[in-house]
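Residue numbering restarts at 1 for every chain, and letters A, B, ... go by the order of the sequence lines.
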Amino acid sequence: MTEVVLTENPRAPLAPTAVELTAEQRSAVDIAVRPVVVWLFLTSVCWLLAATSLGAFAALKLHFPRLLDYTCMSYGRLAPAAQGAFVFGWCSTAALGVVSWLLPRLGGSVAPGTTVASLGVVLWNAGVLLGVFANIAGILRPIEGLEFPFASFVLMFGGLSLLAAWILLGLSAAGTKSLAGMFVAGGLLWLGWSLFTGNLLIATKSVVGVVEQIVGAWTASGVLWLWLVPVALGVAYYIVPKVTGRPIFSGSTGRSLFWLYFLCAGLLGANRLSGGPVPLWLVSVSASASLLLLVPVLGAVFNLCATAKDSEHLSTSPSLRFVLFGSLLLGVAALASAFGSLRSINYAVRFTMFESGVQTLLLSGAVSMILFGAIYFIMPRLSGCEWLSSTLISVHFMGGAYGACMGGAMLVLSGLASGSILTEGDSTFSQVIETGSAYYWGNTISYGILWVAYAAFALHFLLVALRIGQPAGEPTLFRVKRGH
Amino acid sequence: MSRSSTLFAGLAACFALSLGLCVLLPQAQLGSLAPDFKEEDGKISDVYPTLTGGIASAGREVYISQGCQACHSQVVRGAETTDMERGWGVRRTVARDYLFENPPVLGVRRIGPDLANVGASGWRNEPANDSARPAKRDATWHFLHLYHPTAIIKVSNMPAYKGLFDLRKITGSPSLDALALPAEMAPPSGYEVVPKAEAKSLVAYLLSLDRSHPLKEAGAVAVAAKKN
């Protein structure tokens with residue numbers, strides 16, 4: 001067991017991390033978790049490219065529905081496969097990698113059994129792979145966000161259990177002291193609980209009819225808002241103080257908002273079923289929750305920005321720039337989501353591309369950018385080698401930021417445009433579709449931009465994993481133009 | 001209590017609240033729904049909904065497997081939206097409509113029209129007096145539409161599901177179920193296009209989609225009266 005002796009810091013809650021580890025302790029943790037974390041990151045980057053390619057092809061299919069007209073290539077199969085590969089393959093796998101590094105780093109201890117944890121990585125990825133191929137082959141569940149068949153969730157849950165057990169067994173009390181640790185541990189627990197409960201209820205036919213869709217919406221929304229977003233927030237609460245060298249602007253407010261966040265985000269599920277055959281009170285609860293959720297989300301964004309305000313690292317640190325940009329987009333996505341849940345707006349934008357646009361802002365924008373920031377921070381510490389080129393990082397940042405914003409904005413605009421026509425009773429449905437589809441080109445082009453950015457990142461990642469880069473010691477920073 | 005156990009207990013409480021309010025309470029409200037029926041002199045009649053069986057239920061699997069739900073919803077919303085004005089239904093759909101569907105294919109996007117009632121005789125996706133409106137959306141219409149959507153609806157953005165059909169050499173007399181295709185898309189002479197079993201069950205499923213049976217919780221009577 002790689003147990004690291006801790007020296008308790010009495011002023012811990014205010015410090016950037018809960019426990020101050022010595023350099024030797026930090027590197028002992030890094031070495032212990034390295035095999036698991038690097039495998040998680042490596043597979044997640046492969047999924048990122050696969051998901052973006054599938055997504056680009058699905059987006060193209062919206063203009064050319066009869067392009068490569070094979071049964072397995074229809075939009076109806078590509079779209080869920082791309083979405084699943086992105087959410088479970090890229091976002092969740094990378095998030096698992098971040099959690100596997102961050103919690104041991106915060107607590108200063110690692111549980112034994114990295115072999116078992118590595119088996120978890122294999123099982124998790126096998127589940128995602130099975131799900132993507134099953135979707136393309138036409139084996140899918142008609143539940144948005146949970147289209148992967150039950151068998152693939154069994155594999156994924158098995159892998160998740162091994163990984164989570166390894167992480168939580170090594171967790172010392174210090175690990176969950178800081179805001180970062182709280183968010184990350186909370187997200188990990190919720191993912192396990194909700195995937196287990198949701199799939200069990202559906203697979204055992206404990207719920208039937210419309211309730212099955214209610215359970216599906218609750219589970220799928222939990223994966224986004226109670227697993228990926230908390231991990232992103234946890235990472236931001238770790239990286240921003242760490243890079244700027246300052247304590248969090250208001251730690252106590254951060255803690256209160258943490259509880260408000262988990263309370264509200266747990267009630268969001270039924271937003272995906274608004275207007276449908278579900279109890280009206282349930283939709284009202286979810287709509288109110290998305291409005292109330294603005295308080296903890298915007299509060300956290302403010303807290304992070306206030307921490308980093310005027311820091312000299314803003315212009316140089318890639319990690320900080322990715323994380324802060326992602327946090328801002330998280331605020332934007334939460335605002336858009338709350339706007340879309342207002343009843344009068346919802347009548348118009350429901351069943352349009354609006355919701356997909358918000359999801360693009362949330363996943364390709366907020367969550368992915370923050371995870372990229374984390375990987376830029378973590379990988380040099382694991383491989384002992386700094387990133388090769390600040391130009392490649394710049395390309396990745398510009399492309400990733402622009403692509404995500406453009407794709408999200410185009411789909412949101414498409415939703416608003418077709419929604420406003422939809423509310424006019426004398427419009428024909430073809431007019432509604434034509435108005436909305438005017439924006440699809442923007443969405444398709446954004447996939448091209450994202451693909452270039454992600455390919456640059458994947459190449460760079462491969463290089464740093466193979467220890468091809470700058471000699472250790474000097475972090476790779478953005479070049480700053482010096483005026484005088 | 002240590003800090004981690006407070007954290008875990010608090011999170012478990014949040015999870016319990018979320019599960020209770022968003023899953024268990026809806027299940028308590030909707031879990032015991034039963035079909036609606038009329039009872040006169042001890043005789044039960046007019047049961048709705050009934051279990052869809054046979055070929056239509058196989059067609060539901062084809063519908064799901066082809067990913068139709070990615071572009072088509074099966075939800076008619078109330079009069080506060082234009083869903084009914086568009087001809088997609090005469091009343092909003094309610095939980096009882098989906099009693100025997102596990103899970104119901106509600107859908108989240110409408111890149112194509114809503115199909116909750118596509119098998120009902122009054123269903124339309126064009127303005128009522130539009131000349132482009134087909135006289136009847138029967139099995140023949142659906143086969144042709146699945147095989148070549150733009151042959152019928154010029155602006156359609158639906159993929160052509162040619163994989164659901166066989167291109168076959170005619171031996172003896174032509175098959176009875178061969179598609180009557182317009183000249184520009186007709187197969188080479190001596191060949192015919194016939195629907196596979198999947199296409200037949202899919203069309204049977206589409207034709208079975210009719211959720212216009214009056215239900216008191218859907219306010220069907222009020223809507224019907226307003227229309228006339």
Side-chain angles (χ1 to χ4, degrees), chain A residues 65-66 69-71 74-77 79-80 138-140 142-144 171 173 176-177 182 185-186 189-190 193 197 201 205 207-216 218 259 262-263 266-267 269-270 272-273 275-279 282 285 347 351-353 355 422-423 425 428-430 433 437, chain B residues 2-4 7-8 10-11 14-15 17-19 21-23 25-27 29-31 33 64-71 73 75 77 80-82 85-86 92-95 97-111 113 125-127 130 155 157-163:
Chain A
R66 288 167 284 276
D69 216 348
Y70 303 109
T71 310
S74 64
Y75 178 82
R77 289 186 182 180
I139 303 164
L140 46 83
I143 302 174
E144 176 78 0
L171 189 65
T176 52
K177 246 181 187 172
M182 288 164 72
L189 287 174
W190 199 293
W193 293 342
T197 317
L201 286 173
K205 300 277 170 221
V207 289
V208 294
V210 166
V211 187
E212 199 170 331
Q213 284 287 359
I214 295 177
V215 173
W218 173 79
W259 289 111
F262 271 85
L263 210 57
L267 308 176
R272 303 166 167 239
L273 299 171
V278 295
L282 184 63
V285 164
Y347 289 148
F351 296 119
T352 68
M353 283 291 181
E355 186 57 39
L422 191 69
T423 46
T428 67
F429 188 66
S430 336
I433 295 303
S437 59
Chain B
S2 78
R3 196 151 217 162
S4 336
L7 177 73
F8 292 152
L11 285 169
C14 288
F15 183 78
L17 178 79
S18 167
L19 183 73
L21 202 58
C22 296
V23 172
L25 212 54
Q27 166 70 3
Q29 185 178 346
L30 301 176
L33 267 183
I64 292 170
S65 157
Q66 295 292 337
C68 304
Q69 65 279 355
C71 301
S73 58
V75 174
R77 294 175 295 169
E80 67 278 4
T81 68
T82 55
E85 269 177 74
R86 290 184 187 281
R92 70 186 176 89
T93 50
V94 293
D97 287 314
Y98 306 91
L99 209 48
F100 296 113
E101 298 173 46
N102 300 313
V105 272
L106 300 180
V108 289
R109 270 180 302 273
R110 285 175 181 161
I111 298 173
N125 188 39
E126 303 82 8
D130 195 332
V155 294
N157 54 356
M158 189 170 112
Y161 286 91
K162 295 214 162 84

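Distance CE/M353(A) to CD1/I111(B): 3.5 Å, rounded to 0.5 Å. To the nearest 0.5 Å, the span separating CZ on R272(A) from CD1 on I143(A) amounts to 11.0 Å. Rounding to the nearest 0.5 Å places OG1 of T423(A) at 13.0 Å from CD of E80(B). Atoms CZ and CG, on F262(A) and L7(B) in that order, are 8.0 Å from each other to the nearest 0.5 Å.
At a 4.5 Å heavy-atom cutoff, C68(B) makes no contact with chain A through either its backbone or its side chain. Using a 4.5 Å cut-off between heavy atoms, Q29(B) contacts chain A through its side chain alone, with no backbone atom that close. With a threshold of 4.5 angstrom between heavy atoms, S437(A) does not approach chain B through any atom at all. For chain B, the nearby part of W218(A) is the side chain; its heavy atoms alone come within less than 4.5 Å. Heavy atoms of V207(A) lying under 4.5 Å from chain B belong to its backbone as well as its side chain. In this structure, the portions of T428(A) lying under 4.5 Å from any heavy atom of chain B include both its backbone and its side chain. Looking at I139(A), there are no atoms closer than 4.5 Å to chain B (heavy atoms on both sides), in backbone or side chain. Using a 4.5 Å cut-off between heavy atoms, R109(B) contacts chain A through both its backbone and its side chain. Only the side chain of S430(A) comes within contact range of chain B, with at least one heavy atom under 4.5 Å from a heavy atom of that chain. Residue Q69(B) touches chain A through its side chain alone, counting heavy-atom pairs closer than 4.5 Å. Proximity to chain A is absent for every atom of L33(B), based on heavy atoms less than 4.5 angstrom apart. Y161(B) touches chain A through its side chain: at least one heavy atom from C-beta onward sits under 4.5 Å away, while N, CA, C and O do not. The contact between L189(A) and chain B is made entirely by side chain atoms (from C-beta outward), counting heavy-atom distances below 4.5 Å.
For chain A, the option among L17(B), V23(B), D97(B), V108(B) with the highest count of heavy-atom pairs below 4.5 Å is V108(B). Contact count against chain A (heavy-atom pairs under 4.5 Å) is highest for M158(B) among E101(B), E126(B), M158(B). When the candidates A70(B), G67(B), S73(B), S65(B) are compared by the number of heavy-atom contacts under 4.5 Å with chain A, S65(B) comes out ahead. Between chain B and the options L263(A), V211(A), L273(A), heavy-atom pairs under 4.5 Å are most frequent for V211(A). Each of V105(B), N157(B), V155(B), T93(B) has some count of heavy-atom pairs under 4.5 Å with chain A, and the biggest count is that of N157(B).
The backbone N or O of L422(A) sits less than 3.5 Å from a side-chain atom of T82(B), completing a donor-acceptor pair. Judged by distance alone, with hydrogens and angles left aside, the side-chain atoms of R77(B) form a donor-acceptor pair with the main-chain N or O of Y347(A) at under 3.5 Å. The main-chain N or O of I433(A) is never found under 3.5 Å from a side-chain atom of R110(B) such that the two would form a donor-acceptor pair.
Residues P26(B) and V278(A) form no side-chain contact, since every pair of their non-hydrogen atoms from C-beta on lies 4.5 Å or further apart. In this structure the side chain of C22(B) never reaches within 4.5 angstrom of the side chain of I214(A), judged on heavy atoms.
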Worked verdict on L19(B) versus W193(A) for side chain to side chain contact (heavy atoms under 4.5 Å, CB included): CA-CA 10 Å; L19(B) 183 73; W193(A) 293 342; over 6 Å; no

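Nearest approach of R86(B) to F429(A), heavy atoms of both residues: NH1-N, 3.8 Å.
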